[in-house]
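Notes to accompany the following structure.
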Amino acid sequence: MRVISGNYGGRRLKSLTGSNTRPTTDKVKESIFNMIGPYFDEESVLDLYSGSGGLAIEAVSRGCSHAVCVEKSYQAFKVIKENIEITKEVEKFTLLKLDADKAIEQLALENQRFDYVFLDPPYAKQKIISQIERMEDLQLFNPLAVIVCETDKTVELPESIGTFQQTRRQTYGITAVTIFRKEEE
């Protein structure tokens, strides 16, 4: 697994061993960033199920100013920390060792707002719809926010969630990537 493009392009990232996490493959990661970018201009990122931190690191590498990585697993948390150190710009990342639902509440208390949100929960424990609704209730999204959901291909997300509209869905093997964009006010 590596950073594909941008300032950190080509750097190798560590991933967890075992079956607890599924690192986003380089092919899927490249496709995601081609759909939403491919480059950015100082936007903020929330990676709610960060795993190895690969999506957040890729977003910052491509121009996002800051990323919040949320992960509750201690082993994954250590890997994210090591991967962030590989960037040599640790100040561009905030790492939270929390359950995703608790992190949403904490980020709201801190008045955080995000332009891009990555949701790649464990396939069996997927709460994407309720978490997007909660983040919207707590005003965690900037006006033109984009949400990227990575799920098992059998998961069919609705056409709209709150004020977000599904704009794209691609499948890659067993994985589906669904993009939601906030509707214009």
All heavy atoms of I86 vs all of R11, minimum pair found to be O-NH1, 3.0 Å
**Prompt:** Quick one: are V45 and F40 in side-chain contact, heavy atoms under 4.5 Å?
**Reply:** no
task = Report yes if the side chains of E156 and T178 come closer than 4.5 Å at any heavy-atom pair, otherwise no.
result = no
task: State, with a plain yes or no, whether a side-chain heavy atom of V146 is found less than 4.5 Å away from one of E43.
output: no
Minimal heavy-atom distance between S44 and R113, with the atoms involved, is OG-O, 2.9 Å
- Say whether, by atom type as modelled, one donor and one acceptor occur between the side chain of E58 and the main chain of V3 under 3.5 angstrom. no
Here the pair of heavy atoms bringing F33 nearest to L55 is CZ-O, 3.5 Å
Let me check something: any side-chain donor-acceptor pairs from residues 76-84 under 3.5 Å, sequence neighbours excluded? List them with distances.
from	atom 1	to	atom 2	distance (Å)
E82	OE1	K14	NZ	2.9
N83	OD1	K14	N	2.7
N83	ND2	K14	O	2.8
N83	ND2	S52	O	2.8

So CG of N7 and OG1 of T87: to nearest 0.5 Å the spacing works out to 10.0 Å
Do E91 and E89 come close enough that some side-chain heavy atom pair is under 4.5 Å? yes
Donor-acceptor pair, distance only, cut-off 3.5 Å: does the side chain of Q165 make one with the backbone of T167? no
Check: Do R181 and L144 come within less than 4.5 Å of each other through their side chains, counting heavy atoms only?
Finding: no
Paired with L140, the side-chain contact (heavy atoms from CB on, under 4.5 Å) test is passed by just one of I132, N111, I104, namely I104
**Same apolar cluster: V60 and L95, side chain cutoff 4.5 Å** = yes
Sequence neighbours excluded, the answer for ring-ring contact (aromatic ring centres under 6.0 Å, His included) partners of F180 is none
When rounded to the nearest 0.5 Å, the distance separating CD of Q112 from CG of L46 is 8.5 Å
Quiz item: Is it the case that one hydrophobic cluster holds both V177 and V155, taking links as side-chain heavy atoms less than 4.5 Å apart, direct or via other members?
Solution: no
Chi angles and distances behind the side chain to side chain contact (heavy atoms under 4.5 Å, CB included) call for Y172, T25 = CA-CA 10 Å; Y172 305 91; T25 65; over 6 Å; no
Practice item. Could you state whether I128 and M35 fall into the same hydrophobic cluster, counting links through intermediate Ile, Leu, Val, Met, Phe, Trp or Tyr residues with side-chain heavy atoms under 4.5 angstrom apart? Key: no
Does any N or O in the side chain of S61 come within less than 3.5 Å of the main-chain N or O of S5, such that one atom is a donor and the other an acceptor? yes
key: Min side-chain heavy-atom separation F114-V68 under 4.5 Å   = yes
Please tell me whether I129 and F164 are part of a single hydrophobic cluster in this structure, the criterion being side-chain heavy atoms less than 4.5 Å apart.
yes
Of all heavy-atom pairs linking K92 and Y8, the shortest is CD-OH, 4.0 Å
| Can you find a pair of side-chain heavy atoms, one from L157 and one from C149, that are under 4.5 Å apart? | yes
The reported gap from CG in L96 to CD in E71 (rounded to nearest 0.5 angstrom) is 11.0 Å
Q. Counting distance only, does the side-chain N/O of R2 pair as donor-acceptor with the main-chain N or O of D26 below 3.5 Å?
A. no
Quick note, side-chain hydrogen bond (donor to acceptor under 3.5 Å, both in side chains) partners involving residues 128-139, not counting sequence neighbours, are Y49-Q131, D101-Q131, E105-R134, E136-T163, E136-K182
Any side-chain to backbone donor/acceptor pair from S65 onto E42? Under 3.5 Å, distance only.
yes
Minimal heavy-atom distance between I36 and Y116, with the atoms involved, is O-OH, 3.7 Å
| said: Same cluster or not: L16 versus L13, using hydrophobic residues (I, L, V, M, F, W, Y) connected whenever any side-chain heavy atoms lie under 4.5 Å apart? | reply: no
- Task: Evaluate the side-chain proximity of I161 to I147: yes if any heavy-atom separation is below 4.5 Å, no if none is.
- Result: no
Scanning both residues in full, the closest heavy-atom pair of G173 with K153 reads O-CD, 3.3 Å
